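Please read all numbers here as calculations on a predicted model, not as lab measurements. Chain identifiers are assigned alphabetically (A, B, ...) following the order of the sequence lines, protein sequences preceding nucleic acid strands; residue numbering begins at 1 within each chain.
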There are 2 protein chains.
Amino acid sequence: MFSVSAKTQYAIRAMSFLARNTERVVSSAEIAAAEQIPAKYLEGIMTSLKNGGLVSGERGKNGGYRLLKAASDIPMLQIVEALDGSVMPVNCVETPDTCSLGCSCMPRQFWIGLKSTIDDYLRDCSLQDLVEGATHAK
Amino acid sequence: MFSVSAKTQYAIRAMSFLARNTERVVSSAEIAAAEQIPAKYLEGIMTSLKNGGLVSGERGKNGGYRLLKAASDIPMLQIVEALDGSVMPVNCVETPDTCSLGCSCMPRQFWIGLKSTIDDYLRDCSLQDLVEGATHAK
DNA sequence: CTCAATTCCTATCGGTTTAGTTGGAATATA
DNA sequence: TATATTCCAACTAAACCGATAGGAATTGAG
């Protein structure tokens, strides 16, 4: 349960590669080769990261991607949400209207608490922390 | 991302129903009717809960299920794991051998931290807490 | 102006998982 | 014997996921 998609894992590796190469523009193909990610698949991932406001995509020859912000200003939560959408254990956490049981049900508070626990963890760790291997220090 | 399966949500509702009816044996069919869960589907769920050591299943006429422990002694984590297995954000958290990248990779520590954050939350909340609506109090 | 390298868009595919159904065997009670 | 129950196994339809395919749009270099 709660598995992280390959897509998100690829995205994190790609972002960490960009974080280690901030001085230049890096093509999707180069990232794919360096991080062993299927090249065509990564293209779509990079587009999602761009749409999420995390990287700039420069088209044409010698184009590629670069981080839009310093790695220390990019919470992991933002990367995760750019790919898989919001962390949302059960539907009625965000859309209580559709809950068939009436939405002051007890499990709901439980799931809300879980969501915020996960969100906090992902927000407190930045891309920079991950690149430095400092993910355990708080 | 991180969505909780319908199966697990059904299981939690079923368990909370049993927690509210500890004085007697309750049939799967009764739980299904009370909690609006597909009856036949719930049967399989109850079997999983039984195999997980959470409930006793008494067969034959007037049979049914009851909690094997006090609700306050049942951490939510145990219910979740009985249905969907271990909380495991990425494979190499539990089976580092199969990691293609060599497993001292940085993301790994990050995922391990996430797993233990989630596990802690689920362990700290008991079925009793959920039934009482006290899931926010720590 | 043309070519090549690149992002970006859309469709498709095979495999797996998920939610749920069907049918029935085993077991217990009355 | 009849009935209510757990328990077991196979099946199905739909959704999701990882990946591929084919190209259009854009840009820089020669």
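Counting heavy atoms from C-beta outward, A:Q78 and A:D73 have side chains that stay 4.5 Å or more apart. With contacts defined as side-chain heavy-atom distances shorter than 4.5 Å, the pair A:L127/A:L67 qualifies. The shortest side-chain heavy-atom distance between B:I12 and B:Q9 does not fall under the 4.5 Å cut-off. For the pair A:L77 and A:D119, the minimum side-chain heavy-atom distance is below 4.5 Å. Using a 4.5 Å heavy-atom cutoff, the side chains of A:L130 and A:M15 are not in contact.
The distance between atom CG of A:N62 and atom C1' of C:dC3, rounded to the nearest whole Å, is 14 Å. Following rounding to the nearest Å, A:I31 (CD1) and C:dC8 (P) show an atom-to-atom distance of 12 Å. For B:K50 and C:dA26, the NZ to C1' distance is 12 Å, given to the nearest whole Å.
The only member of B:F2, B:W111, B:Y121 that meets ring-ring contact (aromatic ring centres under 6.0 Å, His included) when paired with A:F2 is B:F2.
In this structure, B:K7 contributes its side chain and B:I45 its backbone to no donor-acceptor pair below 3.5 Å.
Contacts between chain B and DNA chain D, taken as any atom within less than 4.0 angstrom of a protein heavy atom, begin and end at D:dT3 to D:dC8.
Each of A:G63 and A:N51 was matched to the nucleotide of DNA chain C holding its nearest heavy atom; the match closer to the 5' end belongs to A:G63. Between A:A29 and B:G60, the residue anchored closer to the 5' end of DNA chain C is A:A29, taking for each the nucleotide with the nearest heavy atom.
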**Study point:** B/S/- contact track for nucleotides 17-22 of chain C, protein heavy atom under 4.0 Å
**Key:** --BBBB
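Cluster annotation: B:V25 and B:L68 are assigned to distinct hydrophobic clusters (Ile/Leu/Val/Met/Phe/Trp/Tyr, side-chain heavy-atom contacts under 4.5 Å, transitive).
At the heavy-atom level, A:G44 lies nowhere under 4.0 Å from the strands shown.
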